Protein chains: 2
Amino acid sequence: MTASRTARERVRAELTREIADIARRQLATEGAGGLSLRAVAREMGMVSSAIYRYFPSRDDLLTTLIIDGYNALGEAVERADAACSPDDYLGRWLVACHAVRDWAVAHPHEYALLYGSPVPGYHAPQDTVSARVRDVAVYGRILSEAYHAGALTPPPPAPAPPPAAVAETAVIGELMPGVPGDVLLRCVTAWTGLYGWINFEVFGQFENTIEDRRAVFDHSARLLAGMMGLAQ
Amino acid sequence: MTASRTARERVRAELTREIADIARRQLATEGAGGLSLRAVAREMGMVSSAIYRYFPSRDDLLTTLIIDGYNALGEAVERADAACSPDDYLGRWLVACHAVRDWAVAHPHEYALLYGSPVPGYHAPQDTVSARVRDVAVYGRILSEAYHAGALTPPPPAPAPPPAAVAETAVIGELMPGVPGDVLLRCVTAWTGLYGWINFEVFGQFENTIEDRRAVFDHSARLLAGMMGLAQ
DNA sequence: AAAAAACGAGAGCACCGCTCTTGACGACTG
DNA sequence: CAGTCGTCAAGAGCGGTGCTCTCGTTTTTT
């Protein structure tokens, strides 16, 4: 029973995976807008309606690609951080920054799906949240550990954040327990600054403006670290 | 001759403008992907093929919307800066930051067209560059004036930028003549950080995370100003 | 062995961007 | 004034899309 049922389920899982793989390849070459269920079906030798046995809609296919993308990016950052010496917090921060950027440059269309303009009809299901925070969780871990080790101390001049802003750090603070609000606000600023930089690069804003982007990015990551007060 | 010809040209210009207006309205409600030439034609009471008398393709229509968007954003920032007292550089910086954010929040889809994932087949024509730098030119002016007034001095600790990174600031430096490379790199970092923050907000990354976004944004803008060394 | 569920194929619907042809209208010229 | 030419809106049509429905076939379950 289980064996026969697994036979059926196995081929189904295999085909589901194959559809997602082909779709990911098309996404990588054509971008999200060029992803076509019919093209995927053609490449699989199926008729287009057969795809709907495996993915109820194009949006659902996109959703699995998004989840896979979050996991791939998160894993890349996790692996990069795992290779660092744990108490070199600035080094870990820089390595994590470059890990995100390297992945984004290598997979621009997938990155755009994660951090670019949201796709029109798409609303993130709840089961994406665990995958979606994997990359930022690494940053949270690095900075949280740095703070508790005394290696993350906001440098003067320290403009006192208004209480309204501090109150907004509650959700972010769950990733970094014990870190006070003013430090969290600096981390958020560095976090958005980091991804903003990558967005500019991946989305072509640096065209004809900055060419050796890795060098400038590295310096920007160091400046953001300095803004947070992340010591060497 | 000129009169009759202008009569002809006038109605043509009028229709061209009306098409663009309807397209902009659809863009605002549906997003770039939902912009349909046929829908625009329907709303104008025309048949779809007639639109092609005025815009040779959907991409060309998008191009004019993009140029209009850059101009609208640039004008918003320019007007905001013009209302400031010229030697309050920190105030001008903050006002400009909020001007960009306010415009982006008010026109999310248009902003996504400018600073989000690039549209698939679209390549920016050369005539967009003058409009595209209007917003950043304001920042360049503010920070350049601040520097020459002695109000923009990078605070310690100042990590020395590698020469490779400094060399990349040449194009950016054209907007801010006389400003040295290390300061320019800080400005670029603040610039990307600012737009990264807005991207996160407009693209929904702060959903269920940060609610009072204006307050947090304001503080982030101040932190970025401090990173640059922009004095009160 | 019979009933039920899953599956692939095919036709079809409404929509899209875009092209081509046709007929009408207005503006220049002999 | 008459004729010609260019501009325009309309319509049909092509290939593409996401998606639905039906219909035999196959596989699993009862």
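Residue numbers begin at 1 in each chain, while the letters A, B, ... track the order of the sequences. Keep in mind it's a predicted model, so treat the numbers as computed, not measured.
Atoms CD (A/E30) and C1' (D/dT17) sit 14 Å apart, rounded to a whole Å. We find that CZ of A/F55 is positioned 13 Å from P of D/dC19, with the value rounded to whole Å. What separates CZ of A/R58 from P of D/dT17 is a distance of 11 Å, to the nearest Å. In this structure, B/M46 places its CE atom 10 Å from C1' of D/dA10, rounding to the nearest Å. Here D/dG11 presents its C1' atom at 15 Å from CD1 of B/I51, a figure rounded to the nearest Å. Rounded to whole Å, the distance from CD on B/E9 to C1' on C/dG26 is 14 Å. When rounded to the nearest whole Å, the span between CG of A/L61 and C1' of D/dC19 equals 14 Å.
Looking at A/L15 and A/M44, their side chains come closer than 4.5 Å, going by heavy atoms from C-beta outward.
Side-chain N/O atoms of A/R53 include none lying less than 4.0 angstrom from OP1 or OP2 on C/dA6. Put simply, A/Y54 has a side-chain N or O that comes within less than 4.0 Å of OP1 or OP2 on C/dG8.
Among the atoms of the strands shown, only primed sugar atoms or phosphate atoms (P, OP1, OP2) are found under 4.0 Å from some heavy atom of A/S57.
Put simply, CZ on A/R24 and CG on A/D68 are 4.5 Å apart, with the number rounded to the nearest 0.5 Å. Atoms OH and OH, on A/Y115 and A/Y70 in that order, are 5.5 Å from each other to the nearest 0.5 Å.
Using a 30° and 60° split on the angle between ring planes, B/W93 and B/Y139 fall in the perpendicular class, above 60°. Ring geometry for A/F200 against B/W191 counts as perpendicular: the plane angle is over 60°, on a 0 to 90° scale with 30° as the lower cut. Using a 30° and 60° split on the angle between ring planes, B/F217 and B/H98 fall in the perpendicular class, above 60°.
No hydrogens or angles considered: a donor-acceptor pair under 3.5 Å links the side chains of A/N199 and A/Y111. In this structure, a donor-acceptor pair under 3.5 Å is absent between the side chains of B/D60 and B/T63.
Heavy atoms from other residues, nucleotides or ligands lying under 6.0 Å from CZ of A/R79 number 12 at most.
Contacts between residues 35-44 of chain A and DNA chain D, defined by a heavy-atom separation under 4.0 Å, are made by A/L35, A/S36, A/L37, A/R38, A/R42. Sorted by residue number, the members of residues 12-25 of chain B with any non-hydrogen atom under 4.0 Å from DNA chain D read B/R12, B/L15.
In this structure, the nucleotide among D/dC19, D/dA9, C/dC18 sitting nearest to the side chain of A/Y52 is D/dC19.
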